[in-house]
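In what follows, a structure is listed as structure tokens, so that the remarks can point back to it.
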Amino acid sequence: MRGGSVTVHRSDCAAADAMRRIGRAPVAVRWGDTAQGRVTLVAESFGRPGLLADLTEAIATAGAAVVSATVEPPSEQRVRHTYTLHLPDAAELPALMRAMRDVPGVYDVSRARHRASPRPRPHRT
């Protein structure tokens with residue numbers, strides 16, 4: 001664990017293979033109900049009035065629930081929305097992402113890439 005987060009990889013993932021090659025031992029995990037899931041998506045769009053309402057409507061219509069949302073201030077007419085969503089059926093993720101991309105002004109929707117938190121700096125006294 002680095003930076004206070006854990007990443008789970010499928011056993012056939014290239015990253016998991018790389019970790020095994022450098023001597024990191026795999027740890028077995030079990031999931032509860034795998035039909036449900038939580039996902040963080042990033043929607044990149046051109047700013048326009050009503051965009052937030054249209055995106056949240058697309059999310060709700062797809063059956064997902066918003067756990068948290070962040071909208072960054074526009075930069076050069078572009079806006080980044082980050083949504084953490086609860087999906088009642090994880091198999092519906094591709095359809096949800098398509099529905100979000102179909103919202104006018106949205107040009108990309110992708111899964112968020114989580115970065116490790118910065119390591120704390122040593123405290124000098």
Side-chain angles (χ1 to χ4, degrees):
M1 184 164 93
R2 287 190 181 151
S5 62
V6 175
T7 302
V8 177
H9 298 271
R10 293 186 322 260
S11 59
D12 62 345
C13 173
D17 287 339
M19 287 187 282
R20 278 190 289 270
R21 282 194 300 273
I22 63 170
R24 292 188 61 190
V27 175
V29 296
R30 284 186 322 140
W31 301 106
D33 183 1
T34 57
Q36 296 184 24
R38 191 174 278 201
V39 64
T40 300
L41 298 176
V42 176
E44 303 277 350
S45 64
F46 297 107
R48 66 167 177 82
L51 178 63
L52 179 61
D54 291 346
L55 269 168
T56 54
E57 181 180 355
I59 291 166
T61 301
V66 176
V67 176
S68 68
T70 304
V71 180
E72 296 178 18
S75 173
E76 297 181 13
Q77 299 297 321
R78 295 176 184 205
V79 181
R80 176 181 293 197
H81 303 247
T82 304
Y83 298 97
T84 298
L85 306 170
H86 175 79
L87 300 171
D89 183 353
E92 295 299 318
L93 178 60
L96 168 63
M97 292 174 74
R98 276 192 304 277
M100 291 173 70
R101 280 188 200 103
D102 287 344
V103 171
V106 176
Y107 58 87
D108 189 33
V109 176
S110 60
R111 293 189 70 169
R113 306 237 183 246
H114 294 284
R115 289 178 242 151
S117 300
R119 291 189 179 163
R121 293 183 180 177
H123 178 71
R124 294 185 181 179
T125 55

Sequence neighbours left out, cut at 3.5 Å: what donor-acceptor pairs do the side chains of residues 97-105 make with other protein atoms?
| residue | atom | partner | partner atom | Å |
| --- | --- | --- | --- | --- |
| R101 | NH2 | V109 | O | 2.7 |

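Nearest heavy-atom pair, A64 versus P88, reported as atom, atom and distance to 0.1 Å: CA-CD, 4.4 Å. Minimum interatomic distance between H81 and V79 (heavy atoms only, all atoms of both residues): NE2-CG1, 3.5 Å. When all heavy atoms of A91 and P94 are compared, the pair lying nearest together is O-CD, 3.4 Å.
Note on residues 46-55: pairs passing salt bridge (Lys or Arg N to Asp or Glu O under 4.0 Å), not counting sequence neighbours, are R48-D54.
If you check the side chains of T40 and T84, you find a donor sitting under 3.5 Å from an acceptor.
Looking at heavy atoms from C-beta onward, V39 lies in side-chain contact with L41 at the 4.5 angstrom threshold.
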Audit row: S68, T70, side chain to side chain contact (heavy atoms under 4.5 Å, CB included) steps and yes/no
CA-CA 7 Å; S68 68; T70 304; 5.8 Å; no
Please assess L51 against S45 for the test side chain to side chain contact (heavy atoms under 4.5 Å, CB included), listing each intermediate value before the final yes or no.
CA-CA 9 Å; L51 178 63; S45 64; 3.0 Å; yes
Run L85 and L96 through side chain to side chain contact (heavy atoms under 4.5 Å, CB included) and show every step you take.
CA-CA 10 Å; L85 306 170; L96 168 63; 3.6 Å; yes
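Residues meeting the side chain to side chain contact (heavy atoms under 4.5 Å, CB included) test with A16, sequence neighbours left out: H9, C13, R20. The side chain to side chain contact (heavy atoms under 4.5 Å, CB included) check on A69 picks up V66, Y83, with sequence neighbours excluded. Qualifying salt bridge (Lys or Arg N to Asp or Glu O under 4.0 Å) partners for E44, counting only residues two or more places apart in sequence or in other chains: R80.
The hydrophobic cluster around F46 extends to Y107, counting ILVMFWY residues whose side-chain heavy atoms fall within less than 4.5 Å of a member.
In terms of hydrophobic clustering, with Ile, Leu, Val, Met, Phe, Trp and Tyr side chains grouped at heavy-atom distances under 4.5 Å, V71 and V106 are assigned to a common cluster.
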